[in-house]
Every structure is written in C-alpha cells, then in structure tokens.
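Below is one structure, written out as structure tokens, with a few remarks after it.
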2 protein chains.
Amino acid sequence: MSIAALVPVFAALGDETRWSILTALGEGEASASALAERLPVTRQAIAKHLAVLQQAGLVEPVRAGRELRFRVLGAQLSDTARRLDRIGAEWDRRLAAIKEIAESL
Amino acid sequence: MSIAALVPVFAALGDETRWSILTALGEGEASASALAERLPVTRQAIAKHLAVLQQAGLVEPVRAGRELRFRVLGAQLSDTARRLDRIGAEWDRRLAAIKEIAESL
DNA sequence: CTTTAATGCAACTCTATGGTTGCAATATCC
DNA sequence: GGATATTGCAACCATAGAGTTGCATTAAAG
C-alpha cells in the first residue's frame, strides 16, 4: 500500500496520447492496429503505450482470434482515486491541526 | 472540466522526487531551502519541482518573512480523485453494457 | 549601511521516452 | 498449404526533463 506503487500509474496517466488510447478503449476493446487507424500515431507507438498502460495495471490484453485486443480496467482507476482522496484528506487534516495549534498560542 | 486539464496533474504526480516533496510538505509548510536539507537533491532541483507542482495546482506559495514557503493543497488531490473515480466507473459501466448485449445474442 | 541568508536565473549534462521506419515472425483464413 | 493480415522486435532520432554547478539578486537583521 505504499505511495511508490502509485507512481507508475500516475506516470502512465500523465500523457495525452495514452489518454486518447484509454478513452478509445473505454468505448470497447480494441487492438493496437485498430487504434492506429483512428489515432494520429503509428501502431508501434501505440503498442509501446499499451505496454506502459499494462505495466501500470490500467489495461489488460485479451486474445481474440488472431488479434490481440486490450480492455481498459476501470477498477484500477477507481482504486487509485480512493487512495488519492485519502492522501489529500490526510494532508488537509494535518495542516488544519497545525493551524489550530498556532492560533491557540 | 476536460480530461486534458488533468494530464499536467498526473504528470506532476508521476515522479518519485515530487512525491517526497509532497509528503514532506504534508507535515507542514516548508521552503525550497528547508526541503533541500532533508532530501538528497539540490535546492535548485527542488525549486523546479515546486514550480511544476504549483503549475498543477498541487502546492501554493506563502511568503513568510524573507523565505518563500510552500503549502500542499490536499483539496486539489481530492478533486482529482473524484474525477478519476467517475471516469473509471463510466468505463466499467459501458463495457458491462457491451457484454450484456453480446450475451443476449 | 553592511552583512548574510535566502531566492532567482542561466547554462550545461545525461538519460528517459515518445515517436519513427523497416523487417522478421506468426498464425489465420480460404 | 500458401497468401495475407497482425503482431513482435530492433535500431534510430529528437526532444523533454531531472539533475547539476555557478553566479546574480534581493531583502532581513544587526
């Protein structure tokens, strides 16, 4: 449950092209070749991005005949969101406590 | 409220050093110089990271005498988390619907 | 007003990575 | 089984960015 495990996920989400891939996959599974037809980058570039996304646990490969489709994993996103929220809340809680103490002096 | 606006935030969160800065700030405001004393990088490197974090709306500068302290903004994190969660849920919802249809054939 | 501690700015290095082209390998479908 | 579509791998280029050192600037504090 360390923050370190989250870093690759955020790094993966910190790229415009990867978001276009993710949102495209959000409408249904697709292969790298299929994605290359509707995005302005080559299939090979997309394949690299998919590898990054898979490493981050954001997508999952699914064999479908002779093509390799990818499915987006919304649950991983929601999971990350929950942890983010907790961290942010903790920061604000702690800083508010410090302010309390400072004002009581 | 587009996804594009989120990308810089994730890019900012996709770096180990910036997370050590953020967690350090989570314990209380601090200046770049102060942070440099407890992290294994130079003050100038930290200053650059703080600029990135400020651009992403994750920290805020606060003048305190002759030093420039930075305060972490947990609310921005929680906000981002809420949006992430909604996106993930939407993906799963849509893919589940597609599966429904496929199975009903 | 002078000392001094803090920040700001600039130039530079090095590596990671997003992107490309080209070709090999695979496996499906007829 | 052979033609063809799809994926996999490798080399390569260019740029962004994480980090450094060095110096200028600013403004408290005495």
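In what follows, every chain begins at residue 1, and chains take the letters A, B, ... in the order their sequences are listed.
Atom-to-atom, CG of B:D15 to C1' of D:dA16 comes out at 13 Å; the value is rounded to the nearest Å. Atom CD in B:E67 sits roughly 18 Å away from atom C1' in D:dT25 (whole-Å rounding). Whole-Å rounding puts the B:I46 CD1 to D:dT21 P distance at 13 Å. Protein atom CZ of B:R63 is 13 Å distant from nucleotide atom C1' of C:dA5, rounded to whole Å. The nearest whole Å value for the distance from the CG atom in B:L53 to the C1' atom in D:dA18 is 13 Å.
In this structure, of C:dA5, D:dG22, C:dC29, it is C:dC29 that holds the atom nearest to the side chain of A:R66. Across C:dG18, D:dG19, C:dT20, the shortest atom-to-atom separation from the side chain of A:V41 is found for C:dT20.
Side-chain atoms of A:R43 come within donor-acceptor range of the base of D:dG8, with a qualifying N/O pair under 3.5 Å. Donor-acceptor pairing under 3.5 Å, judged by distance alone, is absent between the side chain of A:E16 and the base of C:dG18.
Note that the CG atom of B:L35 and the CZ atom of B:R43 stand 12.0 Å from one another [nearest 0.5 Å]. Distance check, rounded to the nearest 0.5 Å: CG of A:L77 to CG of B:L84 gives 4.5 Å.
Looking at heavy-atom distances under 4.0 Å, B:R18 makes contact with sugar-phosphate atoms alone, never a base.
Here A:T17 reaches the OP1 or OP2 of C:dG19: one of its side-chain N or O atoms lies under 4.0 Å away. Taking 4.0 angstrom as the limit, B:T42 places none of its side-chain polar atoms (N or O) nearer than this to OP1 or OP2 of D:dG19. Contact annotation: B:H49 side-chain N/O to D:dG17 OP1/OP2 distance is not under 4.0 Å.
Of the candidates A:L25, A:L73, A:V72, B:W91 forms a side-chain contact (heavy atoms from CB on, under 4.5 Å) with just one, namely A:V72.
Within the 4.5 Å cutoff, side-chain heavy atoms of A:S20 are placed close to those of A:L39.
Two residues, B:K48 and B:Q44, neighbour DNA chain D, and the one matched to the more 5' nucleotide by heavy-atom proximity is B:K48.
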